[in-house]
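Data block below; observations after.
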2 protein chains.
Amino acid sequence: MSGIRAQQKEKTRRQLIDAALGQLSSERSFSSLSLREVAKEAGLAPTSFYRHFSDMNELGLTLVDEAGLTLRQLMRQARQRIEKGGSVIQISVVTFMEFIESNGNIFRLLLRERSGTSAAFRAAVNREVRYFTLELCDYLQQANKLNADVAFLQADAAVTIVFSAGSDALDVDKDDRQQIALRTIQQLRFIARGAAEFSNRGLKSKT
Amino acid sequence: MSGIRAQQKEKTRRQLIDAALGQLSSERSFSSLSLREVAKEAGLAPTSFYRHFSDMNELGLTLVDEAGLTLRQLMRQARQRIEKGGSVIQISVVTFMEFIESNGNIFRLLLRERSGTSAAFRAAVNREVRYFTLELCDYLQQANKLNADVAFLQADAAVTIVFSAGSDALDVDKDDRQQIALRTIQQLRFIARGAAEFSNRGLKSKT
DNA sequence: TAAAATAGTGTACACGTGTACACTGAAAAT
DNA sequence: ATTTTCAGTGTACACGTGTACACTATTTTA
């Protein structure tokens, strides 16, 4: 009843996922991993791989889901910290930088597959990023009482800036990362300030 | 003296470059190309490849240079148009979108190799993008009389936003691209507005 | 308790890869 | 006119790949 068999299966499935994630690095992308490599790293015979995923593509999409999950943990943590007070922008950026530092491989996966060669991957990553953006959009609309259109534009721009900064921060030492964080905070302030101005005056329609 | 030999060599070298560029697409990245494929597409025996490049890596870096060249043409064209008057931001974005449309593969190359697995590639792409950013920074400083630090932050943010928009615009139809252009223009206005405000007041140092 | 299901193994195969090597023929140098 | 250089060819090899297939051992079902 406990399903000692299903339990074991789930365990080796995890081993495959972890093996794949573990092989990612700045010089190794998911698409450069082979089924055999991943199976070997997980301590499995190559053909056993098929008991869990029909091909590497399917494993990859699972990894993207996994990454989405991590992204939501990140959001939750940022929200918690913000509730305790302080600069929203600064807290968000610092939290994101911590995420990059301890989840480099996961972030790399998102970053690369977003412009990768598989339409399914691109769609999956964009779905996660969109979720992230809409969360932020809601927050901006509510907290800053912004026009809905303006809030979306701001959220979208902010996410773009932050992800790009994350990319820059991936392979850099702590000092440089700090530098990048400061730059990013200031850029987000530009955007916030501009959005606030336009929200008051209204987006221009012509001319 | 005319170098009928060197002339022919240059010609087949171009064939290799064009063959590689031509094989790029939304579902085909440079790293997924094989030496044999490129040679075949160029109408060459696989081993002849080595008469021109020591390996695919070297060809790839050549392509990045090529892409940088195209990027500068883009800047030149934008500048020319701006001189004739009109909204700087709008002209820039429209020009960039045209670039995406007619040079999709080149832009894809930059986009992907910027977060790719080769440090040399990443460095080469970042070099080109930095050049692009500094050009814009100069312009902003001069035309808008901005504080140097603020101008850099604005230029960097603007380039990030525009490149990201380019990525979004790669595989969509004309209507969607128009939509993306409008969004991008508005976001750049946010940034410009925010930068102008902060340039007047000065960036805050503490608190 | 007997039968069925199934996670994992090992062997085997065809395929595409990078590249070493010996070669050819025409351009360039002597 | 003779020799040298060298862009391009064709053959050959070892290697890693995905995956089909027949198998084993153990859990689950009947």
Side-chain angles (χ1 to χ4, degrees), chain A residues 1-25 27-63 112-113 116-121, chain B residues 1-25 27-63 112-113 116-121:
Chain A
M1 263 315 158
S2 74
I4 173 169
R5 195 164 208 161
Q7 200 174 325
Q8 179 59 29
K9 184 172 185 183
E10 184 53 34
K11 193 176 161 187
T12 65
R13 186 186 140 99
R14 261 249 74 82
Q15 282 172 351
L16 282 170
I17 292 174
D18 291 341
L21 271 180
Q23 309 230 44
L24 297 180
S25 71
E27 45 269 306
R28 211 81 164 73
S29 71
F30 178 77
S31 62
S32 80
L33 298 182
S34 76
L35 184 154
R36 287 173 108 105
E37 278 177 307
V38 174
K40 187 174 192 177
E41 178 79 9
L44 274 184
T47 48
S48 301
F49 181 95
Y50 297 107
R51 302 289 178 196
H52 304 274
F53 303 98
S54 70
D55 53 20
M56 283 292 286
N57 229 7
E58 198 174 300
L59 170 57
L61 290 175
T62 305
L63 291 188
R112 286 174 175 152
E113 298 311 327
T117 55
S118 156
F121 273 51
Chain B
M1 266 314 161
S2 74
I4 172 170
R5 196 167 206 157
Q7 200 174 325
Q8 180 58 29
K9 184 172 185 182
E10 184 53 34
K11 193 175 159 188
T12 65
R13 186 186 140 98
R14 261 250 74 82
Q15 282 172 352
L16 281 170
I17 292 175
D18 291 341
L21 271 180
Q23 309 229 45
L24 296 181
S25 71
E27 45 269 308
R28 212 81 166 73
S29 70
F30 178 77
S31 62
S32 80
L33 298 182
S34 74
L35 184 154
R36 286 173 109 105
E37 278 177 306
V38 174
K40 187 173 190 175
E41 179 79 9
L44 275 184
T47 48
S48 301
F49 181 95
Y50 296 107
R51 301 289 178 197
H52 304 274
F53 303 99
S54 70
D55 53 20
M56 282 293 285
N57 228 7
E58 198 174 302
L59 170 57
L61 290 174
T62 305
L63 291 187
R112 285 174 175 152
E113 298 311 327
T117 55
S118 155
F121 273 52

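What you see below is based on every heavy atom in this structure, not just the backbone, and it leaves out hydrogens, waters and symmetry mates.
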Without swapping roles, check the side chain of [X] against the backbone of [Y] for a donor-acceptor pair under 3.5 Å.
X        : Y        : result
A:Arg28  : A:Ser32  : yes
B:Asp55  : B:Glu58  : yes
A:Arg112 : B:Arg112 : no
A:Arg36  : A:Lys40  : no

First locate atom [atom1] of [X], then atom [atom2] of [Y], and finally report the distance between them rounded to the nearest 0.5 Å.
X       : Y       : atom1 : atom2 : answer
B:Phe53 : B:Leu63 : CZ    : CG    : 7.5 Å
A:His52 : A:Ser54 : NE2   : OG    : 13.0 Å
A:Glu41 : A:Gln15 : CD    : CD    : 10.5 Å

Heavy-atom contacts under 4.0 Å between residues 28-35 of chain A and DNA chain D, which residues?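 Of all residues in residues 28-35 of chain A, the ones placing a heavy atom under 4.0 Å from DNA chain D are A:Ser34, A:Leu35.
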Contact summary for A:Leu16 and A:Val38, nearest pair of heavy atoms: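 Nearest pair, atom of A:Leu16 first, then A:Val38: O-CG1, 3.8 Å.
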Heavy-atom closest contact (B:Ala39 atom, B:Pro46 atom, distance):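 Taking B:Ala39 first and B:Pro46 second, the nearest heavy atoms are CB-CA, 3.8 Å.
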Whole-Å distance separating the [atom1] atom of [X] from the [atom2] atom of [N]:
X       : N      : atom1 : atom2 : answer
B:Gln7  : D:dC6  : CD    : C1'   : 17 Å
B:Tyr50 : C:dA22 : OH    : P     : 17 Å
A:Glu10 : C:dT6  : CD    : C1'   : 16 Å
A:Phe49 : C:dT6  : CZ    : C1'   : 18 Å

Distances under 3.5 Å only, N/O to N/O: pair up the protein atoms with those of nucleotides 7-13 of chain C.
residue, atom, partner, partner atom, Å
C:dG8, OP1, A:Thr12, OG1, 3.2
C:dG8, OP2, A:Thr12, OG1, 3.4
C:dG8, OP2, A:His52, NE2, 2.6
C:dG8, N7, A:Arg51, NE, 2.8
C:dG8, N7, A:Arg51, NH2, 3.2
C:dG8, O6, A:Arg51, NH2, 2.4
C:dT9, OP2, A:Ala45, N, 2.8
C:dT9, OP2, A:Ser48, OG, 2.9
C:dG10, O6, A:Thr47, OG1, 2.8

In residues 56-63 of chain B, what residues come within less than 4.0 Å of DNA chain C, judged by heavy atoms?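 Contacts with DNA chain C under 4.0 Å: none.
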Side chains of B:Leu33 and B:Leu24 in contact at under 4.5 Å (non-hydrogen atoms):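 B:Leu33 vs B:Leu24: side chains touch.
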